[in-house]
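Presented below is the structure to which this report refers.
Remember, it's a predicted structure, so these values are computed and weren't measured experimentally. When a ligand or atom number is given, it counts from 1 through the structure's own listing order.
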Amino acid sequence: MAKTICIANQKGGVGKTTTSVNLSSALATLGKRVLLIDMDPQGNASSGLGIKRYDTQDANSYHVLIGEKTLTEATHNTSLEKLKICTANPDLVGAEIELVDMPHREYRLKQAVSIVADQYDFVIIDCPPSLGLITLNALNAADSFLVPLQCEYYALEGLSQLLNTAGLIKKSLNPSLHIEGIVLTMFDVRNNLSHQVVTQIKEHFGDKVFNAIIPRNVRLSEAPSHGQSILEYDSKSIGSVRYLELAHEVIARSLPKATEANPVENTNAYKGEVNV
Ligand code: ATP
Ligand code: MG
């Protein structure tokens, strides 16, 4: 039965898609069966894995959400044998509006994922930078959510809003939803601010913060234009090594013992506002 992890942060450009693509690829490289679902109309995860724009006209996440296609019909192969992708294209913007009048509008992705869950070890969902119906569907379909945080001054901005939203979803729609962890991205070793952000986030969130910190790495930013994950584009780069480390941690946290020990207290310590 797959573990479904939603990669979410309504702040734009913090590394959601880079993390979705490279974590998925790293998990697949480690032998896990992975389905990456692109839920962002920008379709960056799709193009980042070499799916060309015209290919995303095929069955994609838009068709799944509005119920025109099953997730199986909208799933495509990638260059990695164990990694499949459900693509996205700009049509997905329309789903936000079309869903409003549809029954079970916030459960549609959950229903679709549940049908294929036994075929995968991990389902990773790349969310758009918003907290609309698409992200609501993703958080509702997920067992947990993983938050990429950029190592910059405003890193925490908006995070309490995301945690509050997740808390509300947990209370009303998806009682088992929990935070998988926080991954710090675009860390710059020469920048004092980066170090301060790491210290601050670790104080707030304790061991919810993954040990693997993703550095700012030019190879990571180049890889998508080659339609490859970092593991294929430059497997020896620090970005590749770190995403593999992150994948190992995600696998370790998914083992039954690690899940039981999931310490929610550290999350609550943040302004005392959340209960995720
Ligand atoms: P959006 O909110 O628009 O969906 P996002 O949160 O998915 O954005 P990404 O697209 O992953 O963010 O990253 C934003 C930009 O930063 C991209 O150009 C990406 O290539 C680059 N980037 C991401 N992580 C790194 C990194 N560790 N080092 C260097 N560049 C990075
Ligand atoms: Mg993105």
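Donor-acceptor pairing under 3.5 Å is recorded for the side chains of Y62 and E98. The closest side-chain donor-acceptor pair between Q228 and S79, if any, does not fall under 3.5 angstrom.
A salt bridge is defined here as a Lys NZ or Arg NE, NH1 or NH2 lying under 4.0 Å from an Asp or Glu carboxylate O, and K208 with E180 fails to meet this definition.
Summarising the contacts of atom 3 (O) of ligand 1 with Q42, R216, R219, Q10, the nearest heavy atom is found in Q42.
Those atoms of ligand 1 with a heavy atom of P215 less than 4.0 angstrom away are 26 (C), 27 (N), 28 (N). Residue D40 has at least one heavy-atom neighbour below 4.0 Å for each of these atoms of ligand 1: 4 (O). Which parts of ligand 1 touch G13 is read off a 4.0 Å heavy-atom cut-off, strictly below it: atoms 1 (P), 2 (O), 3 (O), 5 (P), 6 (O), 8 (O), 12 (O), 14 (C). Residue contact check: N217 has heavy atoms under 4.0 Å from atoms 26 (C), 28 (N), 29 (C) of ligand 1. Near I214, meaning under 4.0 Å from any of its heavy atoms, are these atoms of ligand 1: 27 (N).
The presence of a protein heavy atom under 4.0 Å from atom 15 (C) of ligand 1 is ruled out. By the definition of a contact as any protein heavy atom under 4.0 Å away, atom 29 (C) of ligand 1 is in contact. Protein non-hydrogen atoms do reach within 4.0 Å of atom 12 (O) of ligand 1.
With D126 as the partner, the side chain to side chain donor-acceptor pair (under 3.5 Å) test is satisfied by one option alone out of T18, T19, N44, T17: T17. Screening L99, I125, V113 for a side chain to side chain contact (heavy atoms under 4.5 Å, CB included) involving N137 leaves a single residue, L99.
Between V14 and ligand 1, at least one pair of N/O atoms sits closer than 3.5 Å.
The distance cut-off of 2.8 Å around the Mg ion (ligand 2) captures these protein N, O or S atoms, sorted by chain and number: T17 OG1.
Considering every non-hydrogen atom in both K16 and N9, the closest pair reads NZ-O, 3.0 Å.
Under the salt bridge (Lys or Arg N to Asp or Glu O under 4.0 Å) criterion, E245 pairs with R242, sequence neighbours left out.
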